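Below, each value reflects all heavy atoms present in this structure, side chains not excepted, and no hydrogens, waters or symmetry copies. Remember, it's a predicted structure, so these values are computed and weren't measured experimentally.
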Amino acid sequence: MSRYFNFGGLKLKRRRSLVATVALLGLCLTGCEPPAQSVFPNEDRPNVVTTSTILTDWASQVGGEEIDLVGILSPGEDPHIYEPVPADSRAFEEADLVFYNGYDLEPGLIRMMNASAQNARRVAVGEVVPPLQLEEEGQTVPDPHVWGSAENAILMVQVILDELITLVPSEEATFTANANQLIAELEQLHTWIQQQTDTIPPDQRLLVTTHDAFQYYANAYGLTVAGTLIGISTEEQPSAQTVQQLVETIRGFNVPAIFAETTINPQLITTVAEEAGVELAPQELYSDSIGAPGSDGDTYIRMMEANTRAIVENLGGTVGE
């Protein structure tokens, strides 16, 4: 009789041995697993999490090598509709400090952050800016796209600086020097954008984009948002009536060009351009995310420069140095 396959014929001693073996295997499958690796590889530096690529860019420049930084979104990902994954929860759990935009830009991540980042200080960086109020589905809501003005970006960088100093007081001098360099560049950017948009003929300073993400940019630099396909959140699905209304708006304003965006499928805005008989600008605008590494928008400053060049050139202005 086989000792190994005829389980019914096993003597009691062998049966107990088998049970012990199975129990030991069970322990190894659970308790013997190596602990999950931290998403923060350096234990000697504070753990900082950011919820948008723009905040990641700024926090990286201000914090430098003195912080361990995890940016949850990758370039090109849309914070409005991003669905968090388990690794994001782990990052929040291990964080000492979380920078998020606020004004409900990243609703899925905000919900996970509030549930998981219990040991972290959570800072709504964008909410330092008094928001524009927009109509959305019959109610007034704050517009979260506050970084559209470089002056607002300066306010947000100052928040990041103050929070990092609080987190690591010993590195105040380093953080301050880094932030001052970035703020100087943002001041130059603000002036440069204004100079470029001033070259657009006044009757052509009209923006039409896929979603309502450029109100702060328009207000800061003398343009008007003439229309958008959808509102401030990319979760919306425009109706045929909305599309037709936008087509009529474009015809009524005699807009020279309209713009797609890098984080949104361009199919519908392409249809709008065709029906309105207007040019769709060949350059897509960066709206809710910086561009991929090596692109013309792979930092916040380069993103704003690329957007400005596209807007000015397609609305009849001239871009200078």
Note to self: Let's go through Q215 and N219 carefully: what are the C-alpha distance in whole Å and the side-chain angles of both, what is the deciding distance for side-chain hydrogen bond (donor to acceptor under 3.5 Å, both in side chains) to 0.1 Å, and is it a yes or a no?
What the structure shows: CA-CA 6 Å; Q215 293 286 351; N219 281 11; 5.4 Å; no
If I take atom [atom1] from residue [X] and atom [atom2] from residue [Y], how far apart are they, to the nearest 0.5 angstrom?
X    : Y    : atom1 : atom2 : value
L132 : T140 : CG    : OG1   : 12.0 Å
T51  : F92  : OG1   : CZ    : 6.5 Å
L69  : F40  : CG    : CZ    : 8.0 Å

Between [Y] and [X], do the side chains contain a donor N or O and an acceptor N or O under 3.5 Å apart?
X    : Y    : value
T242 : S239 : yes
T318 : T199 : no
Q196 : T308 : no

In E66, E65, E171, the residue satisfying salt bridge (charged side-chain N to carboxylate O under 4.0 Å, His left out) with R45 is E65
*Could you go through the side-chain hydrogen bond (donor to acceptor under 3.5 Å, both in side chains) check for H145 and D143 one step at a time?*
CA-CA 6 Å; H145 304 93; D143 183 349; 2.8 Å; yes
Are [X] and [Y] side-chain neighbours, meaning at least one heavy-atom pair lies under 4.5 Å?
X    : Y    : answer
I67  : D96  : no
V146 : L155 : no
L182 : L186 : yes

Per side-chain contact (heavy atoms from CB on, under 4.5 Å), W147 is matched among D288, N152, V125 by D288
message = Between Y300 and L189, is the side chain to side chain contact (heavy atoms under 4.5 Å, CB included) condition met? List the steps.
response = CA-CA 10 Å; Y300 169 78; L189 173 69; 4.0 Å; yes
For side chain to side chain contact (heavy atoms under 4.5 Å, CB included), just list the numbers for N314 and Q283, CA-CA rounded to whole Å, side-chain angles, deciding distance to a tenth of an Å, and then say yes or no.
CA-CA 9 Å; N314 286 281; Q283 310 94 327; 2.9 Å; yes
